[in-house]
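Take a look at the structure below.
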4 protein chains.
Amino acid sequence: MEHMTTVSVQESADQDRKAPGRPRNAQADLDIIQAVFDLLGSGLSATALSIEAVAAKAGVGKATIYRRWPNKEALLVDAIATMKGPLPKPVGESVRDDLVMLVSAMRNKRMERYGKVTACLLPEMAKSPELRRIHQSVVEPRREVTRGVLRRGIETGELRADLDVELTLLMLSGPIFAQNVMQWSPLATDENFAEALVDAVLRGAAA
Amino acid sequence: MEHMTTVSVQESADQDRKAPGRPRNAQADLDIIQAVFDLLGSGLSATALSIEAVAAKAGVGKATIYRRWPNKEALLVDAIATMKGPLPKPVGESVRDDLVMLVSAMRNKRMERYGKVTACLLPEMAKSPELRRIHQSVVEPRREVTRGVLRRGIETGELRADLDVELTLLMLSGPIFAQNVMQWSPLATDENFAEALVDAVLRGAAA
Amino acid sequence: MEHMTTVSVQESADQDRKAPGRPRNAQADLDIIQAVFDLLGSGLSATALSIEAVAAKAGVGKATIYRRWPNKEALLVDAIATMKGPLPKPVGESVRDDLVMLVSAMRNKRMERYGKVTACLLPEMAKSPELRRIHQSVVEPRREVTRGVLRRGIETGELRADLDVELTLLMLSGPIFAQNVMQWSPLATDENFAEALVDAVLRGAAA
Amino acid sequence: MEHMTTVSVQESADQDRKAPGRPRNAQADLDIIQAVFDLLGSGLSATALSIEAVAAKAGVGKATIYRRWPNKEALLVDAIATMKGPLPKPVGESVRDDLVMLVSAMRNKRMERYGKVTACLLPEMAKSPELRRIHQSVVEPRREVTRGVLRRGIETGELRADLDVELTLLMLSGPIFAQNVMQWSPLATDENFAEALVDAVLRGAAA
DNA sequence: TACTAAGCGAGACGGTACGTCGCGTCTTCTT
DNA sequence: AAGAAGACGCGACGTACCGTCTCGCTTAGTA
């Protein structure tokens, strides 16, 4: 794994042996990711999210970006990872509350940018299994949290014993995704959307 | 409406007055769309789906493409329209049967290509409301058919009276979309997937 | 031979069959070469003679330059060819007059630029026999003219019968070259330099 | 004078006061110059004679080079100085013998590299009078030796009293230069070339 | 023995130019 | 007119060096 994907992985990998030469400027990483957000925020086309623009905005040489990520897509995957923030942790009191929390976490205001970045990635992901794998390594842990909530619900009897976990997961994340990335159905702005979706799904999933 | 969007629209627009000069080569339209499919099929990156490559593959000058579509995205929208084929018509016997049919129609083998083309469009769609509008003019009629089925179900009492049609629509199309475009959840290959999804949705939607 | 080297060669090569597609803009060729001269004239370093600068100065895209010449050096060779202008033609009355004319032709005011351009080429020529060959195809015809004058002088008895033509040629062109390119010996500004050099050489070469 | 130009100069400059800190590694100087020679010898383009390549070849950090020379050109000038070796000393028996010796010294096998290095310098020398001055400080002493031989020849009556020393010098060094740097006239390989050139020049210069 | 000061290999840094590719437009000749 | 061909201005791509700047380490002279 050449590029970072996540900082924690890299730091834990090496055996305390300090790399020779001048160390990377950690601030540059932040500046670059921030520049990606700024550019996406300033209303310009996702196609216009060029490495050159990012470098200029971040006040950084192009090489400094290419030293960290092998290409534009890898950078964007890491931008996504940053946007997602830390893994959400379900409280565990009730399946409904946990799911509402998880679904809401997929739909906060940062997700406007998330949709744009993902859109930028899709053309390349459609082809490259490698990129898809990297992207999944960011997305899948979050999906796994939801799976855990569903499985626990089955154990506690809150959910039907024969529930198709994978299908239910898709019914929760698919609509969110369609809104974030495809900008379908303006009800996306509805504050109660998360609850409505979870309730609709649970109505068919409850024991 | 500059570009075609659908062939039928254009042909009905002109008033029998024969245009002067050499008529357009109708075969070229087919060749161009076919070239788009061929390129997507030949395993190359979606980014590599350039107009130049399409023109070369179709044995056509670039101007011949730009004479028909104002830009790359418009061409791809029409490619999608072609892939989708004619509007599906629900039989009307039962809501379940109709929904299974509609969902299945979104997931046949052509849809692998559909995901790729859509992926190509997303970066530009994220910015351009114009392109989003055009794309919707292709997608929305299909979604409207589904809405009709749901509304009829409410009328006949097959579905709950207080059903949120828009949300239900999203629960049907979102998972499909997530599979087609994002290639999430390998159960996409399951032949029974359409039935399973519809049943899960209906379980919470039934009266 | 991909690039032009000389316009005349190219035009005589094809068999009256017009190339398909939009023809090259002949003005662009002139603009590009002119931009090279302008940049060299405006006192900037030869290293700064970048293709990007030439394109900007000429109001032309980089691709338009690379369509005509495979690289920077090839462009400069053609710039040299242009600077040299048409082959000088010796009058033939006396060897001395002809040589003075030829030597003077190598040292006019355009030659300041000539030195700069040649200097730009040398690093690459030192390695690439191909580039050296191209450059020689521009320079050699002129050297051949001088050889002709010398050989005729031997025939007419004006010059010693056992004269080493090649060595004499080198004694005439070497000093000029050292001045033009290396900027040795400030006597280069002397108006009588051509006569002085020719006389000095002839003093040892006369019959 | 920031850089070395010649080692001897620098060493004589300091007043026995030992500089504090770790002394420079004298071997590095040799390794660097040697790396320049090796790279030029290994048949690669003169353009490829990058500082980075030199540093890598010499097993040295880039900073170690820049600590000794202010830029690439200064390094190359010193490489030339090294190649030239110590000032040749004319025997003084006859003008012809001395000139043959001096001309031969400009044309030994090391001079193949000399031509390449000089070629690398020319683009920058064409602009920078400073670099030209530095280069002359290496070349000029050698030219001065030749001038001395010519002047002595005039005094002894071996050469014409009204001989133009500067022009004669140019007639001797120009051809050599044209061969070394421009690789003109393959007779450069002729072992008798030095004698032939000197004789030709003297034939017109003799009293 | 410890401190100070510089040299050293390594390599990151902000830049600039390279040569390539695709965009959407244009200009030619042919159909 | 439409068509195939392909040149045009533009701008981003990813690479290579430039000359500068840290890093941690080594190697002296001085305290």
Side-chain angles (χ1 to χ4, degrees), chain A residues 18-25 27-28 47-56 58-72, chain B residues 19-25 27-28 47-56 58-72, chain C residues 17-25 27-28 47-56 58-72, chain D residues 18-25 27-28 47-56 58-72:
Chain A
K18 198 57 187 301
R22 176 174 172 176
R24 298 251 173 104
N25 179 356
Q27 186 59 43
T47 311
L49 184 67
S50 60
I51 290 283
E52 307 222 320
V54 172
V60 139
K62 263 201 296 181
T64 298
I65 297 183
Y66 282 107
R67 212 171 280 124
R68 287 162 166 74
W69 296 277
N71 50 47
K72 188 163 144 175
Chain B
R22 173 173 171 179
R24 291 207 181 155
N25 180 356
Q27 186 60 41
T47 309
L49 185 67
S50 59
I51 289 284
E52 311 226 320
V54 172
V60 137
K62 269 202 294 178
T64 300
I65 297 182
Y66 281 106
R67 208 172 284 120
R68 288 160 164 78
W69 295 277
N71 52 46
K72 184 166 154 175
Chain C
R17 263 209 330 100
K18 200 58 188 301
R22 175 174 173 176
R24 299 255 172 101
N25 179 356
Q27 185 61 42
T47 309
L49 185 68
S50 61
I51 290 284
E52 308 222 319
V54 172
V60 137
K62 262 200 296 180
T64 298
I65 297 182
Y66 282 107
R67 212 171 279 124
R68 288 160 165 76
W69 297 276
N71 51 48
K72 189 162 145 176
Chain D
K18 205 56 184 297
R22 175 175 170 178
R24 293 214 181 144
N25 180 355
Q27 185 60 42
T47 308
L49 185 67
S50 60
I51 288 285
E52 310 225 320
V54 172
V60 138
K62 270 203 293 179
T64 300
I65 297 181
Y66 281 106
R67 207 171 285 123
R68 289 159 163 76
W69 296 276
N71 51 47
K72 186 166 151 173

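Reminder, nothing fancy here: chain letters follow the sequence lines and each chain counts from 1. Worth saying up front: this structure is predicted, and the values here are computed from it rather than measured.
Applying the 4.0 Å criterion to OP1 and OP2 of dA12(E), one finds that T64(A) has every side-chain N and O outside that range. Distances shorter than 4.0 Å separate none of the side-chain N or O atoms of R24(B) from OP1 or OP2 on dT31(E).
Across G61(C) and A55(C), no two heavy atoms sit closer than the pair C-CB, 4.2 Å. R67(A) and R24(A) make their closest contact through O-NH2, 3.3 Å (heavy atoms, listed as atom of the first residue, atom of the second, distance). Looking at every heavy atom in both residues, A48(C) comes nearest to A53(C) through O-CB, 4.2 Å. Of all heavy-atom pairs between T64(D) and A28(D), the closest is CG2-CB, 4.2 Å. For K72(C) against I51(C), the heavy-atom pair with the smallest separation is CA-CD1, 4.0 Å.
We find that NZ of K72(D) is positioned 14 Å from C1' of dT16(E), with the value rounded to whole Å. Note: CD1 (I65(D)) to P (dT20(F)) measures 13 Å, nearest angstrom. When the C1' atom of dC17(F) is taken as reference, atom CD of E52(D) falls 5 Å away, rounded to whole Å. Atom CG of L49(B) is separated from atom P of dC21(E) by 17 Å (rounded to the nearest Å). Following rounding to the nearest Å, R68(B) (CZ) and dA1(F) (P) show an atom-to-atom distance of 16 Å. Counting to the nearest Å, the P atom of dG24(E) and the CH2 atom of W69(B) are 14 Å from each other.
Of the candidates dT28(E), dC23(F), dA12(F), the closest approach to any side-chain atom of P23(A) belongs to dC23(F). Taking the side chain of N25(B) as heavy atoms from C-beta on, and the options dC23(E), dG9(F), dG3(F), the nearest nucleotide is dG3(F). Among the nucleotides dC13(F), dA2(F), dG9(F), the one closest to the side chain of R67(B) is dA2(F). The Y66(A) side chain lies nearest to dC13(F) when the options are dA17(E), dC18(F), dC13(F).
Residues G59(C) and A63(D) both approach DNA chain F. Their nearest nucleotides, taken by heavy-atom distance, put G59(C) toward the 5′ side. Residue-to-nucleotide proximity on DNA chain E shows that, of S50(B) and A53(C), the 5′-proximal contact is made by A53(C). Summary of the strand contacts: R22(D) and R22(A) both lie near DNA chain F, and taking for each the nucleotide with the nearest heavy atom, the more 5' one is attributed to R22(A). For the pair G61(D) and N71(B), both in contact range of DNA chain E, the more 5′-proximal nearest nucleotide belongs to G61(D).
Within the nucleic acid shown, K62(B) comes within 4.0 Å of at least one base atom, counting heavy atoms only.
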